[in-house]
Amino acid sequence: MGSLRLSSNLHHHQPWPIQYQPTTTYPFVEGLPCTNKNMLESELFVKVDNFNNKDKNRASNHDARKLVMSSNLMPQPLKGSYVGKKHLQEPGQKLEFVRTLLIDNYDSYTYNIYQELSVINGLPPVVVRNDELTWKDICYYLYEENAFDNVVISPGPGSPTCPADIGICLQVLLDCWDIPILGVCLGHQALAYVHGSKVVHASEPVHGRLSEIEHNGCRLFNDIPSGHNSGFKVVRYHSLVVDVESLPDELIPIAWTSSVDALSFLETHKSDVPSEFAAGSFSTKLKNGSYSPFSHSGKLQSEKVLMGIMHSTRPHYGLQPYSSIQRVLQPFMEGRYSRILERSQRSTGGVRGHPSSKNGILIIQIPHVSRLFTEVPRHRQLVNNADGQLYRKAFRSNLLKNSEGNRSCSGMVDMVNLLHPSNGVKYLKLKWKRFKNLAGQVGGAKNIFCELYGHHKAENTFWLDSSSIEKRRARFSFMGGKGGTLWKQLTFKLSDRSDMTLKGRGFLSVEDAQGSTKSTFLEEGFLDFLKKELLSFCYDEKDYEGLPFDFHGGYIGYMGYSLKVECGALSNRHKSGTPDACFFFADNLVVIDHCSNDVYVLSIDEGCTSKTPWLDDTEQKLLSLKTSATTEGEEPNLQALTSSQCQASFLADKSREEYIKDVDKCMEYIKDGESYELCLTTQMRKRIGEMDSLGLYLHLREKNPAPYAAWLNFAKENLCICCSSPERFLRLDRNGILEAKPIKGTVARGATLEEDEQHKLQLQYSEKDQAENLMIVDLLRNDLGRVCEPGSVHVPHLMDVESYATVHTMVSTIRGKKRSDVTAVDCVRAAFPGGSMTGAPKLRSMELLDSIENSSRGIYSGSIGFFSYNQTFDLNIVIRTVVIHEGEASIGAGGAIIALSNPEDEYDEMVLKTQAPAKAVMEFL
């Protein structure tokens, strides 16, 4: 078996890429220069392109993907070149970077660890899933190429006793005896299992709850306090535990819980928890004031849960909790001395398998990889980074021709011109006008919409409606309809067979402004199409200088829950009766600033023109509204058309007994470690026949105003959406800041002020709701961590309680700085569907929910919002929504099932969430 040779003659100033062919079936290296002087000067690519015949056969079924470790993600890590230089001048000196292989067990916490490792190591780890590399591949990278200093094995659903759950990890733990390895949660259990220990059900599943930890003071816990009241607490996520009595002599317990009880989050962070809401765990006392973790036999006492182990002769560690993992990652990374010494004493040929500069990229191309993202188009080369995100690299011929001649002002290659032929580029020009204080003078957003778009049943219109603006939850409303020359409607329906062979593929219908329709089959799915569309737009940023909002025209509509198959889910068990995605391209729109009462009208066109007929006409209509203005709260003269087909009430897809039975199924899955939170849902339906859908929406927004409400009317699909969502899925602003605001935890408003305040406090201090919320926060941190700069993901607001017309909700806010090398659609794809509607780990949870729920969620649980032509977006979570399709109104609702759930209470919460939209329908009829 040969090894990869990196020529010492590889200079950073070489003009073009050079390819090095290996003498065996393993990788070749090509160096790709970067001539921008503000960036370090080269990129190294390590690829696995050649493999044996068996691997070739596998790769023929699935296009090869590339895993990218991009050192330009590092927070000021490496300086200068390391190619041809020794990294250490003397033994014991610390390296400036650490190379970690992070094995992902299909978990929704992996990229939280990824973020921490990126900062601690000075270099992002390479992430591979547990079934992406063969044992031969692992040996090659670890031993022949010495590409990694250590290995971290992630958490994951299931059990280490199941080969499908643990993949290659058991063999890595068993045979890589000299490689420093840290196993987390499932990885911790795998370390114990591979050496003969038993993994059993815990006496109680613990998810999203905290425990104080004691430890034995080993170097993994350097400077970390230990024991009761030490202040060191970890969030636990596990249903299974390592049986202490089965530990072999070579595995040493190093950490355990310091008390039997788990604590809620607020119990560990608030000193003023009202006594009636505090759990008894605060009063837990240690017997005789002290505690010895070992019995006379040397084993951990049974009432304490094992939280950490280490191997007596190997550099292998296991930790059960993984929130607060950053406290031990630093000591683990600094504990890899033998591996570092080996690396530091290698020849001056450079560190193989490592980028040689700050902006270098390590790419491992792996056959038969099943990644989060779909197959890539053949006309360009796409590079897949460590989190599965697609990076575009112009194909070599264009790069060679344009590398020097097509630099933008930032010094980077103009990727739009490289990736899109000139005949595919759309040059958009934006024109706009502002009318100060006009909204208040004409009666508000409702009057404006009804005057401009309320005629002809408001067909083919949209309204992203910030109808609840209290406490600055939302500020802008966007509305529009069919009209401009660039207007079009996209309607996408997934293929009937959304399995592994037709994953994400489907039929797209495009209707243009003239009414002509063209249909095509999208081999690569809707999101890939949308991504290409947005990348095809050219524009001048000066056009929207002075606008205080981020939607300047572009696509506006919804993505249904079934688009999860384009975001990593294996399949859809149920086919939606509504289109899986519908969007308008809005070239004309009206924007209301609810803070200043200013009104803006915007119009985009291709090319340059001095004519602004739509702007002028809309200005006249708005000004004419002054004389007939009504107040925002008054109903317009709209008549509800009641059908004789109407039934007395909504009918649920599942009875109370059936729903409770489904909750029990979820709790069994949680007990077995398959998931720790499952967001179970169902649908309620009612035949309504012909009715004024806009009138219903206006009634709903008055009765249940919400910051992320929306009205959409797709006339050809006989589809109207009346949404009163209080939840933001994801936003990307013009500064590249991503924000998610998941809701987990809901309680009804009280009948009196006193009762209402009591309900609010019950929610705030509910251990179950805190656990639900915390788990989804960790999930969203993971999703944002896939596309954000390392160290930038943070939680500015955790478990805030927000009050709406009918409910109190618990809301958290997660933010991060988008990496410059990912697109808007990439960000959505990394996080869709919203974690608050799936549970965690996300992929396994969606698979389980598909097996339990008996119908498609359709538009419910998806997202409504906009993708602006300048790559910003804002999307909600479709909840508290009435979907009217072909004479039927449907309302989806559900709740998060966790180990602390009570089945009867879960049913009541689901019904509560349907009450506002269902009541609005019944009142309007």
Side-chain angles (χ1 to χ4, degrees), residues 445 462-479 530 549-551 554-561 563-564 567 578 580-584 586 591 594 679 681 697 700-701 704-714 720-733 738-744 746 776 780 783-784 802 804-805 807 809-815 824-825 827-829 831-838 857-868 872-883 891-894 913 916-917:
F462 65 85
W463 183 5
L464 301 185
D465 178 17
S466 297
S467 57
S468 173
I469 59 174
E470 301 90 43
K471 300 182 180 179
R472 295 184 178 271
R473 290 173 185 154
R475 178 178 170 183
F476 301 103
S477 290
F478 305 91
M479 58 182 67
L530 182 61
F549 43 85
D550 288 324
F551 183 46
Y555 286 104
I556 194 162
Y558 75 83
M559 300 183 297
Y561 178 75
L563 278 192
K564 69 183 191 294
C567 304
T578 54
D580 296 294
C582 270
F583 280 85
F584 298 120
V591 185
H594 296 285
C679 296
T681 74
Y697 175 68
L700 176 64
R701 77 185 291 272
N704 193 45
Y708 309 109
W711 156 266
L712 292 171
N713 183 328
F714 298 96
C720 294
I721 303 171
C722 305
C723 175
S724 59
S725 173
E727 182 173 2
R728 167 175 280 152
F729 163 47
L730 198 61
R731 177 182 69 179
L732 175 64
D733 68 18
L738 281 164
E739 179 184 87
K741 290 177 69 70
I743 289 176
K744 268 289 158 270
T746 303
I776 298 305
L780 265 297
D783 290 349
L784 266 62
E802 295 183 355
Y804 294 91
V807 295
T809 62
M810 186 177 285
V811 186
S812 294
T813 303
I814 304 97
R815 293 188 187 129
V825 174
C827 295
V828 172
R829 187 178 253 152
F832 187 84
S836 62
M837 303 307 296
T838 64
R857 296 189 184 184
I859 299 168
Y860 169 67
S861 297
S863 292
I864 295 172
F866 69 76
F867 289 89
S868 186
T872 62
F873 64 82
D874 199 355
L875 300 165
N876 75 2
I877 296 286
V878 181
I879 54 176
R880 319 293 195 270
T881 296
V882 183
V883 175
I891 300 171
K913 292 172 179 176

Could you pull out all residues at least two apart from Y561 that satisfy ring pair (Phe, Tyr, Trp, His ring centres under 6.0 Å)?
none
Could you tell me whether a side-chain N or O of S724 sits under 3.5 Å from a main-chain N or O of A706, the two making a donor and an acceptor?
no
For the residue pair L700 and C722, what are the closest heavy atoms and their distance?
CD2-O, 3.6 Å
Output all residues satisfying ring pair (Phe, Tyr, Trp, His ring centres under 6.0 Å) with F873, sequence neighbours left out; order by chain, then residue number.
F867
Taking the side chain as every heavy atom from C-beta outward, state whether I891 and V882 have any atom pair closer than 4.5 Å.
yes
Atom of F832, atom of G560 and distance for their closest heavy-atom approach:
CZ-O, 3.3 Å
Whether the side chain of K913 engages the backbone of G894 through a donor-acceptor N/O pair (distance < 3.5 Å, no angle test) should be reported.
yes
Using the ring of each side chain (for Trp, its six-membered ring), is F714 parallel, tilted or perpendicular to Y558, with breaks at 30° and 60°?
perpendicular
With F729 as reference, evaluate I864, V878, V828 under the side-chain contact (heavy atoms from CB on, under 4.5 Å) test and give the passing residue.
V828
Do side-chain atoms of E727 reach the backbone of I877 as a donor and acceptor pair under 3.5 angstrom?
no
So, does S477 use its side chain to make a donor-acceptor pair with the main chain of S466 at under 3.5 Å?
yes
Side chain of N876, backbone of S725: donor and acceptor closer than 3.5 Å?
no
